[in-house]
Amino acid sequence: MSRELAKTYDPKGIEDRLYQKWLDNKYFHAEVDRTKTPFTIVIPPPNITGQLHMGHALDNTMQDILIRYKRMQGYNALWQPGTDHASIATEVKIIEKLKEEGIDKNDLGREGFLERAWDWKKEYGGRIVSQLKKLGSSCDWDRERFTMDEGCNQAVTEVFCKMHEKGWIYKGSRIINWCPVCNTSISDAEVEYQEQAGHFWHIKYPLVDQNGQPSKTEFLEFATTRPETMLGDTAVAVNPNDERYTYLKGRQVWLPIVNKAIPVVEDEYVDMEFGTGVVKITPAHDPNDFEVGKRHNLPEVNIMNDDATINENGGKYQGLDRYEARKQIVEELEREGLLVRIEDYSHNVGTHDRCKTTIEPMIKKQWFVKMDELIKPAVEAVKKGEIKLIPERMEKIYYNWTDNIRDWCISRQLWWGHRIPAYYCDKCGEIVVAKDAPSVCPKCGETHFTQDPDTLDTWFSSALWPFSTLGWPEKTEDLAYFYPTDVLVTGYDIIFFWVIRMIFSGYEQMGEKPFKTVLFHGLVRDSQGRKMSKSLGNGIDPLEIIDQYGADALRLTLITGNAPGNDMRFYYERVEASRNFANKVWNASRFIMMNMDQEEEKTGKRGWETTYEEIRESLYPVDKWILSKLNTLVKDVTDNMDSFELGIAVQKVYDFIWDEFCDWYIEMVKPRLYSTEAGEEDGKRAALWTLQNVLISALKLLHPYMPFITEEIFCTIQSKEASVMVSDWPVFREDRQFAKEENAIELMKEAVRGIRNVRTEMNVAPGRKAAVYVVSEKEDVRLIFEEGRQFFTSLAAASGLTVQADKNGIDDSAVSVVIPNATVYIPFEELVDIAQEIERLKKEQKRLESELARVQGMLGNEKFMSKAPKQKVDEERAKLEKYAQMKAQVEERLSQLM
RNA sequence: GGACGCUUAGCUCAGCUGGCUAGAGCACCUGCUUGACGUGCAGGGGGUCAGCGGUUCAAGUCCGUUAGCGUCCACCA
């Protein structure tokens with residue numbers, strides 16, 4: 001069988017082909033199987049309007065790594081995929097598109113609009129899914145769900161009705177955040193505060209005199225950032241403890257422009273220290289004022305229409321936009337002599353996170369979820385550690401929200417979404433909340449009802465995602481088996497929107513947590529650390545990266561060099577480094593396969609078909625060394641992955657493959673592979689066996705991170721039908737730890753490095769070989785070099801190697817390299833400058849001395865000796881011995897030269 | 001106002017529960033057509049781990065504090 005492989009790895013073509021193969025073989029599909037332990041992840045459903053961005057790429061790469069890892073470990077791994085209807089985001093997009101066609105939403109009507117929305121979903125809903133596939137995501141696509149599919153709709157209705165019955169969902173008239181552009185209420189979580197440069201208008205209202213008329217001499221001064229709201233003022237407030245204003249008790253002020261008297265009320269809410277200690281109260285347009293108004297039974301005067309223009313309560317200002325009204329009102333106040341001064345003022349303004357419009361607080365009748373009781377189990381779960389947040393610091397952010405939680409406004413004045421299952425009797429207005437439209441009014445017997453026109457906050461359905469996707473409210477097998485899920489992977493930016501809401505919903509509806517662990521990641525930023533955004537145009541399209549460098553390179557880039565929860569910067573240079581690694585893996589494999597081919601042609605046998613037991617006797621120390629290193633790697637990587645340290649895990653695999661395996665092991669076995677000497681057949685077989693087995697294990701460890709290239713190589717080595725993704729995850733084996741061989745090879749590496757070092761320093765031409773002598777009094781050390789003679793001479797550019805117990809017969813002017821328990825001599829003849837050589841040895845002596853001083857300091861410290869763990873003390877003792885011994889060798893050599 | 005995070009090589013960052021001579025990638029310098037790979041190989045320079053104080057036998061790692069940068073929450077009108 002010939003394996004002609006290209007010199008560089010080209011992911012094009014390979015990735016799609018392999019993904020299709022995985023799909024065809026149903027490797028992603030999971031079914032209930034009681035003989036296996038489930039491992040479940042639910043995808044954070046991407047919006048149907050969405051395009052894959054770097055955040056998705058990171059999020060889904062992490063999930064794919066975990067799911068592939070667990071699948072290989074033998075778990076029944078389910079990655080439940082799906083998409084989100086994204087009510088407001090989608091509705092806005094559709095409105096935009098209609099606008100291009102010159103159509104207004106209202107012209108279409110609700111039905112017509114929804115038709116267009118479903119068309120949109122059909123057209124674009126699949127786009128993000130196909131993009132996730134490009135990444136290599138091993139989701140069980142047979143189970144793909146949508147937040148507005150039949151099952152999810154049922155779940156939503158069920159939850160709404162249940163919670164309403166329990167009294168935890170209620171309709172109430174309260175102050176809410178209104179977006180005048182999107183024309184809907186939004187929840188507190190959707191308000192984004194932005195620092196804005198504005199003004200502080202210092203204004204005064206006349207006091208009302210005994211005759212009920214505005215006083216010409218007495219005024220009350222205060223300041224406001226929103227002068228137009230004065231149209232809705234129904235009081236002015238001072239702090240009851242403010243002695244400056246005790247005289248105001250029971251008095252009234254005259255509201256200019258509106259021309260009416262309003263009371264002065266006393267409320268602790270007013271900060272005496274701030275400004276004049278006087279606050280105008282507009283209960284209908286400010287959340288704090290709303291509370292004050294409730295306490296003092298103040299009237300609530302709504303002065304705005306839904307589009308933030310002034311309504312009929314604004315008198316002559318009716319019809320003006322809020323900002324135009326502001327301008328004109330200020331002008332009128334100035335004319336009246338009531339404007340004291342204008343101050344520049346920078347303050348935070350609440351905006352709608354989607355469209356950045358300044359929100360307007362308004363009193364409206366909306367549906368709310370009562371949070372105080374609901375949140376309790378969700379807080380407890382994290383406190384007790386039943387749900388683990390990674391990194392831990394996210395817990396503080398979590399509690400910060402849960403501790404200050406307010407009722408959740410869930411109704412939206414939108415069409416695209418789950419319609420609220422509330423019905424109003426056409427005759428008496430009675431509200432009936434039910435799964436289906438009622439037939440008779442329980443109060444008046446009327447048979448005609450109108451359903452509430454509002455839809456639900458898009459997060460209402462996402463909150464149910466971990467169980468609605470598994471079949472709830474039906475009691476399905478899937479639900480019983482796969483719930484609770486294991487890990488949720490998401491960005492910290494949606495902790496309030498989604499994570500918390502899933503947790504309390506899980507406890508409330510299922511009586512059980514939705515997941516055991518939440519693994520947070522940060523934001524992917526551009527190379528300058530800026531958030532990638534459309535408006536900045538600094539977004540990098542993951543699909544372009546995949547096209548250019550391959551999905552594996554992208555995945556590796558996103559996972560390495562980053563700690564959980566931290567933001568990361570995206571650099572092309574880093575993708576290139578990842579691509580280079582892929583190429584390295586490719587070429588190492590190519591090298592191994594080429595040698596396999598040669599071997600196979602001769603013997604008809606493949607190395608990997610031989611068992612360890614069959615080959616064990618033929619293994620060389622270097623073979624055992626790399627097997628031992630691999631064994632340790634398996635343990636470390638498994639441990640890291642179990643504790644979600646994905647970046648650390650893959651870094652170790654990377655280092656092992658590149659440094660240990662490619663730069664050392666492969667180079668070490670080359671002479672053996674190329675040897676034509678008789679009697680080397682067993683050794684050659686052992687090398688090939690080791691190369692292949694180490695490679696295959698390394699590919700397995702790498703597979704969750706770089707699924708495509710590992711699969712391609714795995715199949716090329718074994719067969720097209722084989723698959724690394726369903727192979728067994730490597731396990732640590734006590735019987736494959738070879739401490740003795742590890743030490744031996746490390747010692748030889750040190751000798752090789754020393755020799756290369758000296759050669760470079762002396763400008764020895766790479767092609768010039770030189771005789772090398774290894775002198776050691778210790779027999780075991782001599783044996784190590786004898787056994788490794790073949791590769792040692794190659795790596796050390798030696799023309800020949802002599803291993804002996806003393807310095808006899810070695811030219812005095814030879815260059816020397818001191819390693820533990822041995823000195824290496826290289827007679828370079830004319831190249832050697834004795835003075836320089838002495839200089840070099842003295843430097844080495846100095847280095848060893850300072851090391852010794854440090855170690856001796858520690859060992860001479862009584863407290864260290866008595867308090868440090870024994871293992872640590874032993875380590876330091878061993879170091880002392882090693883350095884002392886090396887120093888003696890250096891000094892002996894110096895005395896010979898001087 | 002409250003909380004959190006970051007500050008480690010020229011750049012971007014790792015460094016988990018304190019314990020080798022503090023690491024990686026990129027960049028830089030020197031050399032290399034060594035039969036897998038120049039998307040490579042070999043060698044090298046470069047850090048008082050932000051400052052100060054403390055705990056400890058031992059601090060990049062823990063505690064306190066200061067400064068700079070960043071994020072989240074609250075929102076005093």
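Chain identifiers are assigned alphabetically (A, B, ...) following the order of the sequence lines, protein sequences preceding nucleic acid strands; residue numbering begins at 1 within each chain.
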Taking the side chain of Y654(A) as its heavy atoms from C-beta onward, which of rC72(B), rG25(B), rG5(B) lies nearest to it?
rG25(B)
Report yes if at least one side-chain N or O of K670(A) is closer than 4.0 Å to OP1 or OP2 of rA36(B); otherwise report no.
yes
May I ask you to verify whether the side chain of E645(A) and the base of rA14(B) hold a donor-acceptor pair under 3.5 Å?
no
Does a side-chain N or O from W658(A) land closer than 4.0 Å to OP1 or OP2 of rC41(B), or not?
yes
Between I495(A) (CD1) and rC72(B) (P), how many Å, whole number?
13 Å
Presence of N404(A) side-chain N/O under 4.0 Å of rC73(B) phosphate oxygens OP1/OP2:
no
If you check the P869(A) side chain, which of rG19(B), rC37(B), rC26(B) turns out closest?
rG19(B)
May I ask you to verify whether the side chain of N348(A) and the base of rC75(B) hold a donor-acceptor pair under 3.5 Å?
yes
Hey, does the side-chain of R574(A) have a donor or acceptor N/O within less than 3.5 Å of a partner on the base of rU12(B)?
no
Verdict with supporting geometry, F864(A) and E876(A), side-chain contact (heavy atoms from CB on, under 4.5 Å)
CA-CA 11 Å; F864(A) 173 75; E876(A) 293 301 321; 4.1 Å; yes
Residue whose nearest RNA chain B nucleotide is more 5′ - W664(A) or N580(A):
N580(A)
More 5' along RNA chain B: Y193(A) or E761(A), using each one's nearest nucleotide?
E761(A)
Which nucleotide in the list rA77(B), rG43(B), rG40(B) gets nearest to the side chain of F274(A)?
rA77(B)
From the options rC32(B), rC73(B), rG5(B), select the nucleotide whose nearest atom is closest to the side chain of N400(A).
rC73(B)
So, is K396(A) near the phosphate of rC4(B), with a side-chain N or O under 4.0 Å from OP1 or OP2?
yes
Would you indicate, yes or no, if rU39(B) has its OP1 or OP2 atom less than 4.0 angstrom from a side-chain nitrogen or oxygen of K7(A)?
no
Please tell me which of the listed nucleotides, rG19(B), rA77(B), rA36(B), lies nearest to the side chain of F864(A)?
rG19(B)
Does the plane of the ring in F200(A) sit parallel, tilted or perpendicular to the ring in H202(A)? Use 30° and 60° as the thresholds.
perpendicular
If you count every heavy atom of other residues, nucleotides or ligands that lies below 6.0 Å from Q856(A) atom CD, does the total exceed 12?
yes
Given rC11(B), rG19(B), rA36(B), identify the nucleotide with an atom nearest to the side chain of Y571(A).
rC11(B)
Candidate nucleotides rA77(B), rC37(B), rG2(B), ranked by approach to the side chain of K584(A) - the nearest:
rC37(B)
Would you indicate, yes or no, if rC13(B) has its OP1 or OP2 atom less than 4.0 angstrom from a side-chain nitrogen or oxygen of R569(A)?
yes
Tell me the interatomic distance from Y345(A), atom OH, to rA77(B), atom C1', rounded to whole angstroms.
8 Å
C1' gap between rU17(B) and rC13(B), integer Å
22 Å
So, K769(A) and T793(A): side-chain donor and acceptor under 3.5 Å apart, yes or no?
no
If we count only N and O atoms by modelled type, under 3.5 Å, do the side chains of Y205(A) and D233(A) hold a donor and an acceptor together?
yes
Just the rounded figure in Å: distance from P of rG40(B) to OH of Y9(A).
16 Å
Partner of W401(A) under ring pair (Phe, Tyr, Trp, His ring centres under 6.0 Å), picked from F496(A), Y492(A), W408(A), is F496(A)
Which nucleotide in the list rA14(B), rG5(B), rC37(B) gets nearest to the side chain of E667(A)?
rC37(B)
Would one find a side-chain N or O of N583(A) under 4.0 angstrom from OP1 or OP2 of rG38(B)?
no
